[in-house]
Amino acid sequence: ATLTDTPTEQELIQKLLNAGQEHLFADWDAPGTNDDAKTTFLTTLARVDNSYPGGLTGYISNARKLLAEAQKGANPFEGLEPHQPAKVDLTQFDETYDHFEAIGKTRFDKTAIVLVAGGLGERLGYNGIKLDIPVEVTETTSYLANYAANLLAMEARMETPRPVPFIIMVSEDTDAKTRASLAANDYFGLQKEQVHILKQELVPAIADNDGKLALKKKYELILKPHGHGDIHMLLHTSGLATKLADEGIEHFVYVQDTNGQVFNALPAALGVSAEKDFDFNSIAVNRIPGEACGGLARLVGNGSEMTINVEYNQLDPLLRATVSPDGDVPNEQGFSMFPGNINVLIIKAASYVKILKETQGIISEFVNPKYADDAKTVFKKPTRLETMMQDLPKLFGPDEKVGVSVFDRRWSFSANKNNIIDAASKAAAGGPPESGATAESDFYLAGRMKLQAAGMDVTEAEPEMILDIPMTPGPRVIARPAFALTLAEVKEKISGGSIAGQGTLVLDGKDITLENAEITDGSALVVKACPGAKVTVKDLKVDNAGFELVKLTAEEMESADTPEYLKLRGYRIENRGAQICEFTAPGDYIVE
Ligand code: UGB
């Protein structure tokens with residue numbers, strides 16, 4: 001390279017030359033030719049150098065180490081046998097559930113929510129950020145709006161309300177659009193100061209076992225995402241984990257970008273974390289064999305044990321080599337042997353801060369190169385180091401307690417991760433489609449589960465196939481977080497009544513009670529009450545044209561005028577005459 005650069009740039013170049021990266025600076029044009037490209041290249045190198053703890057040379061040496069292990073074919077599970085983890089079973093709405101929920105709801109003022117939203121969602125193929133996709137199209141609420149509403153509802157239930165810290169991890173792919181969405185919607189009612197955006201940087205791809213950084217072309221690195229595990233590093237380097245812990249936060253809760261169910265399980269899961277004093281609590285579901293969701297197991301051997309997520313691509317080989325020669329096969333209930341990780345994690349702040357200080361938040365990186373030769377010396381394409389946020393317990397010692405809280409699958413988890421083609425083939429193979437339609441269908445299902453828990457009579461509509469994806473079209477029930485955050489609250493506010501088929505019920509507001517409401521198939525009732533409006537719906541029979549679920553025609557599926565968020569579910573929902581009762585001034589109201 002022709003070193004016409006600043007001293008810091010020269011230092012960086014020298015550092016990289018010493019680290020075997022001569023190829024980055026070979027064949028440089030003479031000064032005056034392509035100078036802009038050179039500057040951009042050096043700026044990128046400097047940015048990565050700054051963002052990665054240990055800098056680029058640290059990254060290169062970590063890569064060499066991990067690549068050497070991968071080349072040797074080291075089995076990360078050598079000598080380990082999977083056993084059931086410490087579990088709390090919350091799959092039933094029973095006394096245990098009520099017990100933990102009651103504890104959890106007293107913890108909202110000591111909880112921060114961390115949303116990892118740096119992923120582009122390549123499997124979904126949506127042209128925007130996933131947080132902007134509506135989780136439901138009855139009222140069209142985006143994932144981000146839904147998360148924010150849950151935070152506000154948590155605040156409304158605190159003895160002394162305080163803002164729930166909301167940390168959003170973004171990446172170059174999602175940063176601008178996430179900020180734009182927050183700004184355009186006035187932060188969805190949150191205070192700007194309670195929202196903390198942390199940006200993860202991409203990392204350079206690596207071309208070979210010597211850790212040579214891969215070039216797209218002269219003066220341009222290939223950069224790739226480093227995985228959701230970056231959140232730990234960013235909470236450390238930003239100082240935010242320590243700051244929030246100092247301000248009284250006792251638990252950090254990690255959620256993914258498209259899981260509309262997560263806040264259903266949160267109160268009880270927080271209760272488990274608090275009562276069991278878990279340093280790390282993984283929310284889990286009964287896993288379907290072969291599903292793209294890791295298995296949570298207690299790995300015992302080599303003189304120690306550790307409860308950890310075994311990622312979905314590693315689970316079957318581990319089971320085959322140890323406890324299940326047939327691999328990842330269903331048990332009597334049709335589930336996989338180990339609970340499925342849905343990447344909703346609750347981490348105790350005190351232990352977290354300590355571990356972050358000890359490790360700088362670098363969470364157990366791994367590398368997964370695809371080799372072109374048997375000797376494993378050539379890669380098919382450049383690889384990179386990755387991290388997963390659920391790997392944090394790998395850094396724990398024997399004193400840290402890791403546990404698993406198992407919830408009903410559709411109560412706590414239904415993501416929107418797959419495009420309609422892939423979702424249909426997943427469904428055909430007997431697995432969960434995890435698509436736009438199923439995520440919405442499960443959103444309503446959770447609403448129905450709430451009504452049923454309160455004793456309301458719910459008759460489900462027949463399942464339908466939309467674009468070869470099975471979904472249950474109703475009843476479509478939305479119990480907004482403002483209405484109730486816990487099952488206990490739903491039970492207090494709803495008694496008697498029934499809803500059937502494709503009936504719709506939307507409840508939004510803290511002081512709404514429903515006594516003996518009957519919503520017939522296809523009818524709809526929407527009740528919204530502002531703070532201070534006390535609404536009693538009593539002995540009301542709702543029989544109207546309601547909301548209709550209308551499948552998109554082939555033409556509409558093709559048309560550029562159809563919003564993409566409708567195309568990814570294959571239908572829209574139209575108001576044909578729903579009864580909408582909206583109370584915008586404080587007072588006592590009765591709807592009969
Ligand atoms: N994400 C980031 O913020 N940054 C990144 O660099 C990458 C992702 P995916 P994945 O619950 O179904 C996870 O890609 O990695 C965010 C668990 O590892 O949707 O295939 C991204 O925006 C797996 O054990 O998931 O699998 C999104 O919010 C299982 O639990 C989140 O990270 C699986 O999720 C997840 O990213 C699941």
Side-chain angles (χ1 to χ4, degrees), residues 51 113-126 128-133 135 143-144 147 167-175 177-178 197-203 205 223-235 253-262 265 282-288 290-297 308-315 328 336 338-345 363-366 368 384-393 404 406-407 409-410 412-419 422-423 426 431-435 438-439 442:
S51 66
I113 305 294
V114 183
L115 170 61
V116 289
L120 195 52
E122 275 168 296
R123 281 174 284 170
L124 184 63
Y126 181 74
I129 54 166
K130 289 192 279 172
L131 286 176
D132 273 346
I133 300 174
V135 59
Y143 281 99
L144 189 50
Y147 290 143
I167 298 112
I168 308 177
M169 180 170 80
V170 297
S171 66
E172 187 56 35
D173 293 330
T174 61
D175 186 16
K177 285 181 178 163
T178 305
I197 297 184
L198 300 176
K199 184 174 164 190
Q200 62 176 152
E201 289 294 343
L202 299 168
V203 290
L223 296 167
K224 297 196 174 195
H226 190 229
H228 37 72
D230 275 353
I231 187 58
H232 302 306
M233 181 175 93
L234 291 174
L235 276 167
V253 178
Y254 297 75
V255 302
Q256 304 197 45
D257 46 19
T258 64
N259 182 5
Q261 318 299 87
V262 54
S282 285
I283 318 279
V285 296
N286 287 321
R287 183 175 178 279
I288 312 285
E291 177 177 8
C293 120
L296 291 158
I308 196 79
N309 171 64
V310 179
E311 198 55 336
Y312 42 89
N313 54 334
Q314 298 177 320
L315 188 63
D328 184 16
S336 184
F338 293 97
N341 169 49
I342 57 169
N343 253 5
V344 181
L345 315 170
I363 304 306
S364 170
E365 288 175 313
F366 62 95
N368 189 14
R384 88 291 201 168
L385 303 191
E386 289 179 75
T387 63
M388 296 190 296
M389 64 176 175
Q390 64 268 39
D391 275 346
L392 187 81
V404 176
V406 189
F407 285 83
R409 175 177 190 86
R410 290 309 176 207
S412 56
F413 179 63
S414 185
N416 180 1
K417 293 197 184 194
N418 299 307
N419 63 56
D422 294 346
K426 279 177 193 280
E434 309 295 357
S435 72
T438 56
D442 291 332

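Remember, it's 1-based here, ligands and their atoms both numbered in the order they're listed.
Checked by distance only, ligand 1 and Pro225 stay at 3.5 Å or farther apart across all their nitrogen or oxygen atoms. Of the polar atoms of Gly118, at least one N or O is found under 3.5 Å from an N or O of ligand 1, judged by distance alone. Note: no N/O pair closer than 3.5 Å links His226 and ligand 1 by distance alone. Checked against a 3.5 angstrom limit, the closest N/O atoms of Gly119 and ligand 1 fall inside it. Considering both main-chain and side-chain atoms, Cys293 never comes within under 3.5 Å of ligand 1 through any nitrogen or oxygen pair.
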**Request:** Might you work through the side-chain contact (heavy atoms from CB on, under 4.5 Å) test for Ile231 and Tyr254, ending with a clear yes or no?
**Result:** CA-CA 9 Å; Ile231 187 58; Tyr254 297 75; 4.1 Å; yes
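Looking at His228 and Gln256, their side chains never bring a donor and an acceptor atom within 3.5 Å of each other. Residues Glu434 and Asn418 bring no donor and acceptor atom of their side chains to less than 3.5 Å of each other.
Counting atoms of ligand 1 from 1 in the listed order, those under 4.0 Å from a heavy atom of Gln200 are 2 (C), 3 (O), 4 (N), 5 (C), 6 (O). Near Gln390, the atoms of ligand 1 lying under 4.0 angstrom from a non-hydrogen atom of the residue are 17 (C), 18 (O), 23 (C), 24 (O). The contact set between ligand 1 and Ala292, taken as ligand atoms under 4.0 Å from a residue heavy atom, comprises 12 (O), 33 (C). Near Ala117, meaning under 4.0 Å from any of its heavy atoms, are these atoms of ligand 1: 3 (O), 22 (O). For ligand 1 and Phe413, the ligand atoms under 4.0 Å from any heavy atom of the residue are 11 (O), 12 (O), 37 (C). Annotation for ligand 1: atoms under 4.0 Å from non-hydrogen atoms of Val116 are 3 (O), 16 (C), 21 (C), 22 (O), 27 (C), 28 (O), 31 (C), 32 (O). Less than 4.0 angstrom separates some heavy atom of Asp257 from each of these atoms of ligand 1: 21 (C), 22 (O), 27 (C), 28 (O).
Proximity annotation for atom 25 (O) of ligand 1: of Lys130, Glu122, Lys417, Lys417 comes nearest, heavy atoms only. Ranked by closest heavy atom to atom 10 (P) of ligand 1, the top entry among Met389, Arg123, Met388 is Arg123.
In Glu311, the part holding a heavy atom less than 4.0 Å from any atom of ligand 1 is the side chain. At a heavy-atom cutoff of 4.0 Å, ligand 1 is contacted by no atom of Ala415, backbone or side chain.
Ion pairing between a basic and an acidic side chain is recognised when a charged N comes within 4.0 Å of a carboxylate O; Asp442 and Arg409 show no such pairing.
The CG atom of Asp257 sits 9.0 Å away from atom CD1 of Ile129, with the distance rounded to the nearest 0.5 Å. How far CG of Asn309 is from CG of Asn343: 6.5 Å, rounded to the nearest 0.5 Å. In this structure, CG in Asp391 is found 7.0 Å from CZ in Phe366, a value given to the nearest 0.5 Å.
Inter-residue side-chain proximity for Arg287 and Asp328 is flagged as met; some heavy-atom pair is nearer than 4.5 Å.
Between Ser412 and Phe407, the shortest heavy-atom distance links the atoms OG-CB, 3.5 Å.
His226 pairs with exactly one of Arg384, Glu201, Glu365 by the side-chain contact (heavy atoms from CB on, under 4.5 Å) rule, that one being Glu365.
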